[in-house]
> 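Have a look at this one.
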Amino acid sequence: MKIMSVVGARPNFMKIAPFIRALDTHRRQTSAACIEHLLVHTGQHYDERMSRSFFEDLQIPRPDIDLGVGSGSHAEQVGSTMIAFEKVVREQRPDWVIVVGDVNATCACSITAKKEHLKLAHIEAGLRSFDLDMPEEINRMVTDRLSDLLCTTDTIASQNLRHEGVPDERIKMVGNIMIDTLEAQREKAAALSIDEIIAANRINQDSAVRKNTPYALITMHRPSNVDQIEVLAPILEFLLGEVCADTPLLWPIHPRTEKQLKSCNLWAKAMSHPNCILLSPLGYRQMLRLNMDASLMLTDSGGLQEECCVLGTPCLTLRWNTERPVTLREHGGAGVLVGNAVDSLRREYRQLRQQTRTPQRPPLWDGHTAQRIVAELIQAG
Ligand code: UD1
C-alpha cells in the first residue's frame, strides 16, 4: 500500500507527526514493509519559525516532495497547490492520500486526489463552525464531502457528518491527534525555562516577566480579527489598557498580525507598552510551555482551544463561533466564546481571570489517536 500524506501550514505539523510515527511503529511491529509512505509539503507556510522549527521539534522527517507554493490569495494558493500536486500524484500513484485539518493545502490536495480517482482520508473530519465567512469552513466542507475515510475527534463532529449524509461506515471516531503530540512533548516542554523562551524570542527588547508573576498569553491571526482596523484597534486598546494593567501579556505574533499592526500604524503602540511582551512565532514546545503556566489564554486559534481544554488553561476564544464546541465550558471544557467586540471580551475576561485551572479530557483524547487511524486505514485497505 502506498500512502501519501500532505502538510501545508503550521497547524498541520502537529497532526502529521504522530501519524508518521504510528505508521513507522506499525511497519516495525508487523514487518509490513509493503506500506510505503511519502510526505508532501505544499509550502503554504515556509519560513523557519512557521515551518522548519516544527519539523525539528516534532521530529517529522524531511518532506519527500516540496511543492514550494508560498504565500498568495486563496485562489492563488489553492490553484498552484492543485497544479503542482496533480503532477506529483500522477507520477507517484499513491493508493491513499491523507490530509489533515482545514487549511488551503487540505482542500486543494483533496480535490486533486479525487479527480485522480485516489482514495482520500481526512484526519480531523466533521468539525463545523457553520460560518462560511471562514475560509477554513469551506476547506472542511469540501474535504469531507470528498473523503472516503473520515476520522473524527469527537461525537459532535461525527454527528455533523451524519447530518450531511455521510455513510456511517466512512466515519470513524478516533479521538484528537493533536493531543498525541501534546502528550509526546509534554515532558520536554515542562523542562523549558519561561525566562529563556522570552529572552530568545522577544521583539521589544525592554520587556521581561518577573519570576513567579502570573501572565496572560494571546495569539491572534484570523482575518476577521486582524484584517480591519475597526476591529483590530479596539482589541489592541483593550489588551494594552486592561489586560496589561492586570498582568504581563505574552504575545507570540503571527506574521499576518504583525503586517496588519504595522499597516494600521499600531505596531509602535504595542511595542512600547512595558507589560506587552511581543515575541516571534514560537516553536511547538515553547508555546506548550507558556500555555502550561499561563493564568489565561486569549486566542482565535483552533488548536490552542483544544490544548487549553486538556491543560485546563481558562481560554477566551476571540470568535463568535467555534468548530470545536467540545472545548467550551458548556461541554465541560475551559473555553468561552467572546467574539471580538470589546464589551463581551471585557465581561468574560473579568470573570474568567478568577478561574482556576481545570483540565478536561474528552473521550479518546488520550495520546493514542494515531494508532487508531493507522488501524482504520489498514482495515479500509
Ligand atoms: C493559515 C490557515 C489557518 C491557520 C493558520 C495558522 C488557511 C486558509 N488558513 O492562515 O487556518 O490557522 O495558517 O498559521 O489555510 N507568512 C509568513 N511566513 C510563512 C507563512 C506565511 O510570513 O511561513 C505570511 C504570508 O506572507 C501571509 C500571512 O503570513 O501574508 C498569512 O499566511 P497564509 O498562509 O496566507 O494564512 P494564515 O493567516 O497563516
Side-chain angles (χ1 to χ4, degrees), residues 6-16 41-58 63 66-82 85 99-111 122-124 127-129 131-143 178 181 203 218-228 231-232 251-264 267 278-284 286-287 297-308 317-319 321-324 327:
V6 177
V7 289
R10 185 169 63 176
N12 291 163
F13 305 136
M14 33 292 212
K15 295 168 195 165
I16 215 65
H41 190 337
T42 69
Q44 178 177 343
H45 285 175
Y46 44 82
D47 67 31
E48 172 63 35
R49 287 176 181 269
M50 298 298 284
S51 177
R52 265 192 299 278
S53 83
F54 287 81
F55 277 72
E56 278 161 33
D57 263 12
L58 306 179
D66 204 326
L67 305 182
V69 164
S71 304
S73 71
H74 286 268
E76 283 165 345
Q77 280 187 342
V78 172
S80 27
T81 303
M82 286 180 68
F85 191 60
V99 293
V100 298
D102 56 15
V103 302
N104 286 336
T106 314
C107 167
C109 294
S110 297
I111 298 173
H122 184 202
I123 299 178
E124 204 187 67
L127 298 184
R128 294 289 181 273
S129 64
D131 176 1
L132 281 168
D133 286 338
M134 278 184 85
E136 294 83 1
E137 183 72 356
I138 299 168
N139 293 340
R140 292 181 202 115
M141 288 167 67
V142 170
T143 302
M178 290 275 289
T181 294
I203 298 175
I218 179 167
T219 80
M220 190 167 69
H221 73 280
R222 299 228 161 256
S224 55
N225 285 333
V226 304
D227 280 6
Q228 290 158 284
V231 177
L232 184 58
W251 188 350
I253 199 131
H254 188 284
R256 173 189 282 276
T257 311
E258 180 173 340
K259 255 185 227 169
Q260 291 304 118
L261 285 171
K262 284 179 177 161
S263 76
C264 297
W267 181 249
L278 294 175
L279 305 171
S280 305
L282 300 176
Y284 179 83
Q286 295 177 327
M287 189 63 196
M297 172 76 78
L298 299 103
T299 190
D300 59 11
S301 143
L304 279 170
Q305 292 172 50
E306 298 176 332
E307 288 163 351
C308 286
T317 301
L318 298 163
R319 294 174 43 189
N321 51 51
T322 178
E323 62 289 339
R324 293 162 162 94
T327 63

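Start at 1 and go down the list; that is how both ligands and their atoms are numbered.
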> Can you spot which of Asn104, Val78, Val6, Val7 makes a side chain to side chain contact (heavy atoms under 4.5 Å, CB included) with Cys109?
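Exactly one pass, corresponding to Val6.
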
> Is there a donor-acceptor contact under 3.5 Å from the side chain of Thr143 to the main chain of Arg140?
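Side chain of Thr143 to backbone of Arg140: no pair is present.
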
> Using a 4.0 Å cut-off to any heavy atom of His74, which atoms of ligand 1 qualify?
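With His74 as reference, the close atoms of ligand 1 come out as 8 (C).
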
> Considering only non-hydrogen protein atoms, determine which one is nearest to atom 35 (O) of ligand 1 and report residue, atom name and distance to 0.1 Å.
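The answer is Gln77 NE2, 3.5 Å.
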
> Could you list which atoms of ligand 1 come closer than 4.0 Å to a heavy atom of Ser71?
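Listed by number with element: 25 (C), 26 (O).
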
> Look only at interatomic distance and state if Asn104 has a nitrogen or oxygen under 3.5 Å from any nitrogen or oxygen of ligand 1.
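Yes - when backbone and side-chain N and O of Asn104 are compared with those of ligand 1, one distance drops under 3.5 Å.
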
> Identify the closest protein heavy atom to atom 2 (C) of ligand 1: which residue and atom is it, and at what distance?
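The protein heavy atom lying closest is Val103 CG1, 3.8 Å.
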
> Have a look at ligand 1 and work out which part of His254, if any, has a heavy atom under 4.0 Å from it: side chain, backbone, both or neither.
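Looking at His254 and ligand 1, just side chain atoms fall under 4.0 Å.
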
> Answer side chain, backbone, both or neither: which part of Glu136 comes under 4.0 Å from ligand 1, heavy atoms only.
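The answer is the side chain of Glu136.
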
> Can you give me the closest heavy-atom contact between Phe13 and Met50, atom names plus distance?
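Looking at all heavy atoms of both residues, the closest pair is CE1-O, 3.3 Å.
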
> Considering only the protein, which heavy-atom contact is closest to atom 17 (C) of ligand 1, and what is its distance?
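For atom 17 (C) of ligand 1, the nearest protein heavy atom comes out as Tyr46 OH, 3.5 Å.
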
> Could you say whether the N/O atoms of Gln44 and ligand 1 ever approach to under 3.5 Å?
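Yes: some nitrogen or oxygen of Gln44 is under 3.5 Å from one in ligand 1.
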
> Just verifying a value: how many Å separate Glu76 CD and Thr81 OG1, rounded to the nearest 0.5 Å?
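Going from CD on Glu76 over to OG1 on Thr81, the span is 11.0 Å.
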
> If you take the nearest heavy atom of each of Arg256, His45, Arg222, which one is closest to atom 13 (O) of ligand 1?
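Of the listed residues, His45 has the closest heavy atom.
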
> Can any side-chain N or O of His45 pair as donor or acceptor with the backbone N or O of Arg10 at less than 3.5 Å?
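Judged by distance alone, yes, a pair lies under 3.5 Å.
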
> Does any donor atom in the side chain of Ser51 or His41 lie under 3.5 Å from an acceptor atom in the other side chain?
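Yes, a side-chain donor-acceptor pair sits under 3.5 Å.
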
> Run down the list Glu258, Arg10, His221, Met50 and name the one with the heavy atom closest to atom 5 (C) of ligand 1.
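Nearest heavy atom to atom 5 (C) of ligand 1 lies in His221.
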
> Is it true that Arg52 and Glu56 make a salt bridge, defined as a side-chain N closer than 4.0 Å to a carboxylate O?
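No, no charged N to carboxylate O under 4.0 Å.
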
> Which one holds for Pro11 and ligand 1: side chain close, backbone close, both close, or neither close, with close meaning a heavy atom under 4.0 Å?
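Side chain only.
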
> For the side chain of Thr317 and the backbone of Arg319, is there at least one donor-acceptor N/O pair under 3.5 Å apart?
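Checked: no pair found.
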
> Considering non-hydrogen atoms of the protein only, which is the closest contact for atom 26 (O) of ligand 1, and what is the distance?
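Going by distance alone, atom 26 (O) of ligand 1 is nearest to Lys259 NZ, 2.8 Å.
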
> Could you check whether any side-chain N or O of Asn225 sits under 3.5 Å from a backbone N or O of Met220, counting only pairs where one atom can act as donor and the other as acceptor?
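Here the side-chain-to-backbone pair does not exist.
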
> How close does the nearest protein non-hydrogen atom get to atom 18 (N) of ligand 1, and which residue and atom is it?
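Closest protein heavy atom to atom 18 (N) of ligand 1: Asp47 OD2, 2.8 Å.
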
> Say whether, by atom type as modelled, one donor and one acceptor occur between the side chain of Gln44 and the main chain of Ala9 under 3.5 angstrom.
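No, Gln44 side chain to Ala9 backbone: no donor-acceptor pair under 3.5 Å.
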
> Tell me the protein heavy atom at minimum distance from atom 24 (C) of ligand 1, and give that distance in Å.
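Looking only at protein heavy atoms, the one closest to atom 24 (C) of ligand 1 is Pro255 CB, 3.8 Å.
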
